Trainee: 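My questions will all concern the structure given below.
Numbering of ligands and ligand atoms starts at 1, following listing order. Everything quoted here is computed from the prediction, not taken from an experiment.
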Amino acid sequence: MTSEEAKKRINELRTVIRRHDKKYYVDDDPEISDYEYDKLMRELIDLEKSFPQLVTQDSPTQRVGGEPIQGFVTIKHTLPMLSLANTYSEHELREFDERTRKLAGRGDIEYVVELKIDGVAVNLRYEQGVLKLGTTRGDGFSGDDVTGNLRTVRSVPLRIGDGREAPELVEVRGEIYFPKKEFVELNRKREEEGEKLFANPRNAAAGSLKLLDPRLVGERPLRLYVYLLVNALELGIDTQIDALAFMKGLGLRVNPNVKLANGIDEVVEYSRKWEEARTRLDYEIDGMVIKVNSLALQKELGETAKSPRWGIAYKFTTKEATTRLTDIIVQVGRTGAITPVAVLEPVELLGTTITRATLHNEDEIKRKDIRKGDWVVIEKGGEVIPKVVRALKNRRTGKEEPFSMPQSCPSCGSEVVRSEEEVAVRCENVACPGQLQRRIEHFASRQAMDIEGLGESTVFLLISEELLKDYGDIYYLKKDKLKELEKKGEKSADNLLKAIEDSTNASLARLVFALGIRHVGWSAARDIAGEFDSIDAISKAETSDLMKVPGVGLEIAGSIVRFFGDPRTKRVIEKLRKAGVRMEEKTERRKTPLSGKTFVLTGTLKSFTREEAAEKIVSLGGRVSSSVGKKTDFVVAGESPGSKYSKAAELGIKIMSEEEFKKLSSH
Ligand code: IVH
């Protein structure tokens, strides 16, 4: 075969293969069998081998990864890769629409609503139709050159334009993602090989794109959807919906689930539909993206430093995640309750990585039939600590082990007691070091006396050295002893003593919480401190006095009376008093605009933490509740408020900005 003949055949083969690649990887609609495809590819590879001068960068043979590299080169983006602001509720979506209409000075606006693919953003640059550069988002201004890796992704065309002449420059943005099924398979393989598992498909996509060996990337089933045409206006395109169609026409992979919505109601309706239907997709979406359709209007609206004003992300709130339960351990709590805890393979849920979850008690584990080694669904409810909802029994291999509660305390070894009326198993040894450890950690914790430097490991050492037998002893620690503690130098001993000294001025609410009275959580402690002026007054109160505090029922009141009746409590309180810990606090008896009013806080406040705001309200005679209801007088809304905001609006409750709240509380 002459070089001329070879060139002709090579071109024919490339055109045919590209068409089938597009059919298979972009349109999900293959036309020929794998066998036929392989035959075409084989022929092309052989010809290119015989005529190496004819190999070009955009040949379909050039997808197999190149040589491993040392590291990525950083490239500055031609236009910064911003990210969208997030919203979490219909209310916030409507606020976005109001803002946009106001800025645009017009009535209903046309929006394009797209799926928010949960992967990694990339920027692709095609010159004369050929893929020249692919970068990651990086810090938004410059990212890594991952062209070599992206070339191995089958749905990233090496050439666009499908035979027709492509524009000189096409720059697009899109999301590289890992399909769900393939993700499970990848983790299964990694597990077999004893490798670390990926927490979710997004991490798997990000991790794969960062591999330095493109051949390994080629083995990962990554995919691409494009959603933004960077130089649309230059190409004479004037709406987002046309930009999507244009990109599709060039052979780029565009997600078919798009809606051109006339006004915000249609946006909301379409987003709701996908919130329900998303489990049917074979890839993960974490929300919807809403964009102003007119590109001229987009330009007019412009952007803030961080994100454009023409678009917004509406994020779904995932409350559930699936992971492996690798072990069940038991812990002794500060009141002696022994609780089983699930040890989990790390998994992401609502923005945090979860490695532990509570299992409550043995009965619950039996009822739900949760075993060591199970795949489990975990859920985050109102509380911070996630819980195990159920085991996925169809994923069992037969190697899972049922759990039974140990007969002795994991800390002191004394026999555990199971009482008639409660399901909890307890260690009743008052001197149990495990309980003491938790009690002291709680006393020193940020929300309680806030003693920095008195964390788990220091407390452990101090208990082992018998320097702490109760939390009263904290105030009698001596510098020379602290210095000797493992790894503690002069400076850290001084810091700790200073933090201890500072804590003697903590508010009464903090002290009540810190004492660790059973059933008395932070909000009960705060309310009690708001009604009584001192520890003495609380310790003398009868059950009926305590029950006058809103939110304090028989269980809490009874527990407080029992706590203060215990001679050990009396001893420790005396120690605290002698050490100078503040035991009283006059709450505002004068009438303030907050007296007797119930407040709910939502969103992020600028000048206080939520706790500080809550303390302020209580000190001025108000109350703080965690949920909005008929009894709520005011909702104070900071930035990115949650569902409490819409609930308040629904119930017609006065919503106050942080500024208004500051004014009210400074009277
Ligand atoms: S448009 C200014 N459309 O979500 C950024 N983004 O911040 C415009 N994403 O970083 C992005 N699907 O990684 C857009 N259909 C979609 C998207 C999408 C997923 C990602 C993207 C971006 C983040 C939003």
Side-chain angles (χ1 to χ4, degrees), residues 77-88 92-93 96 100 111-124 134-144 146 150 153 155-156 171-179 200-206 208-210 222-233 239-248 252-261 267 270-271 274-275 278 281-295 297-299 301-316 318 351 640:
H77 301 308
T78 37
L79 275 177
M81 283 179 85
L82 302 177
S83 56
L84 296 170
N86 289 329
T87 56
Y88 294 91
E92 289 173 290
L93 257 184
F96 161 74
T100 314
Y111 294 108
V112 174
V113 195
E114 298 167 22
L115 302 183
K116 186 169 184 305
I117 317 288
D118 198 9
V120 204
V122 290
N123 189 85
L124 302 172
T135 45
T136 58
R137 179 167 180 275
D139 63 3
F141 298 100
S142 40
D144 288 336
V146 287
L150 287 172
V153 177
S155 46
V156 174
E171 195 162 328
V172 300
R173 287 183 183 164
E175 200 85 352
I176 291 284
Y177 68 92
F178 214 107
N200 53 39
R202 175 163 38 83
N203 287 359
S208 304
L209 215 51
K210 278 199 206 117
L222 295 172
R223 293 199 196 147
L224 169 78
Y225 274 128
V226 294
Y227 47 66
L228 202 91
L229 181 58
V230 180
N231 58 334
L233 286 174
T239 61
Q240 166 66 7
I241 201 85
D242 286 350
L244 292 174
F246 177 81
M247 292 191 287
K248 187 167 158 54
L252 286 154
R253 192 153 176 260
V254 176
N255 193 290
N257 306 302
V258 191
K259 163 134 187 124
L260 181 59
V267 171
Y270 192 68
S271 306
W274 276 109
E275 185 150 19
R278 65 178 151 150
L281 297 167
D282 66 4
Y283 46 89
E284 287 198 343
I285 59 172
D286 58 339
M288 306 297 287
V289 172
I290 294 97
K291 301 172 186 170
V292 166
N293 189 30
S294 155
L295 299 183
L297 181 52
Q298 282 195 6
K299 209 170 161 190
L301 290 166
E303 51 218 22
T304 66
K306 274 194 297 194
S307 41
R309 289 196 195 87
W310 48 257
I312 200 138
Y314 168 63
K315 298 254 276 188
F316 302 145
T318 12
S640 314

Trainee: Which of these, Asp286, Ile117, Leu84, has its nearest heavy atom closest to atom 12 (N) of ligand 1?
Mentor: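 Ranked by closest heavy atom to atom 12 (N) of ligand 1, first place is Ile117.
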Trainee: Can you list the ligand 1 atoms lying under 4.0 Å from a non-hydrogen atom of Ser83?
Mentor: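 Counting from 1, the qualifying ligand atoms are 7 (O).
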Trainee: Applying a 4.0 Å heavy-atom criterion (strictly less than), which segment of Val120 is in contact with ligand 1: side chain, backbone, both, or neither?
Mentor: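 For Val120, there is no contact with ligand 1 at all, from either part.
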Trainee: Judged by modelled atom types alone, do Glu114 and Gln240 share a side-chain donor-acceptor pair under 3.5 Å?
Mentor: yes
Trainee: What protein heavy atom sits nearest atom 20 (C) of ligand 1, and how far off is it?
Mentor: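 Answer for atom 20 (C) of ligand 1: Glu175 OE1, 3.4 Å.
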Trainee: Just to confirm my output: which protein heavy-atom neighbour is closest to atom 10 (O) of ligand 1, and how far is it?
Mentor: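 I find the closest protein heavy atom is Ala121 CB, 4.2 Å.
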Trainee: Would Leu115 count as a contact residue for ligand 1, given that I'm defining contact as a non-hydrogen atom of the residue lying under 4.0 Å from a ligand atom?
Mentor: yes
Trainee: Within the distance-only criterion (no hydrogens, no angle test), does the side chain of Arg309 pair as donor or acceptor with the backbone N or O of Leu301 below 3.5 angstrom?
Mentor: yes
Trainee: Considering non-hydrogen atoms of the protein only, which is the closest contact for atom 5 (C) of ligand 1, and what is the distance?
Mentor: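 For this ligand atom, the closest protein heavy atom is Leu82 O, 3.3 Å.
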Trainee: Going by heavy atoms, is Glu303 under 4.0 Å from ligand 1?
Mentor: no
Trainee: If the cut-off is 4.0 Å to any non-hydrogen atom of Glu114, which atoms of ligand 1 fall inside it?
Mentor: 3 (N), 15 (N), 16 (C)
Trainee: Regarding atom 3 (N) of ligand 1: of the candidates Lys291, Lys116, Lys306, which has the closest heavy atom?
Mentor: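 Checking each option, the heavy atom nearest atom 3 (N) of ligand 1 is found in Lys291.
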Trainee: Taking all non-hydrogen atoms of both residues, which atom of Ser208 and which atom of Leu222 are closest, and how far apart?
Mentor: CB-CD1, 3.9 Å
Trainee: Hey, does Tyr227 come in under 3.5 Å of ligand 1, counting only N/O atoms on both sides?
Mentor: yes
Trainee: Between Glu284 and Arg202, is a salt bridge (Lys or Arg N to Asp or Glu O under 4.0 Å) present by the stated rule, with each step listed?
Mentor: CA-CA 8 Å; Glu284 287 198 343; Arg202 175 163 38 83; over 6 Å; no
Trainee: Between the main-chain N or O of Ala206 and the side-chain N or O of Asn203, is there a donor-acceptor pair closer than 3.5 Å?
Mentor: no
Trainee: Any atom of ligand 1 sitting under 4.0 Å from a heavy atom of Pro308?
Mentor: yes
Trainee: I'd like to know if the side chain of Asp282 reaches the main chain of Pro179, judged simply by a donor and an acceptor atom lying under 3.5 Å from each other, with no hydrogens or angles considered.
Mentor: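 Not a single qualifying donor-acceptor pair exists.
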Trainee: Centre-to-centre under 6.0 Å for Tyr283 and Tyr225, is that the case here?
Mentor: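 So the answer is yes for these two rings.
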Trainee: Evaluate side chain to side chain contact (heavy atoms under 4.5 Å, CB included) for Glu275 paired with Tyr314, printing each intermediate quantity in order.
Mentor: CA-CA 10 Å; Glu275 185 150 19; Tyr314 168 63; 3.2 Å; yes
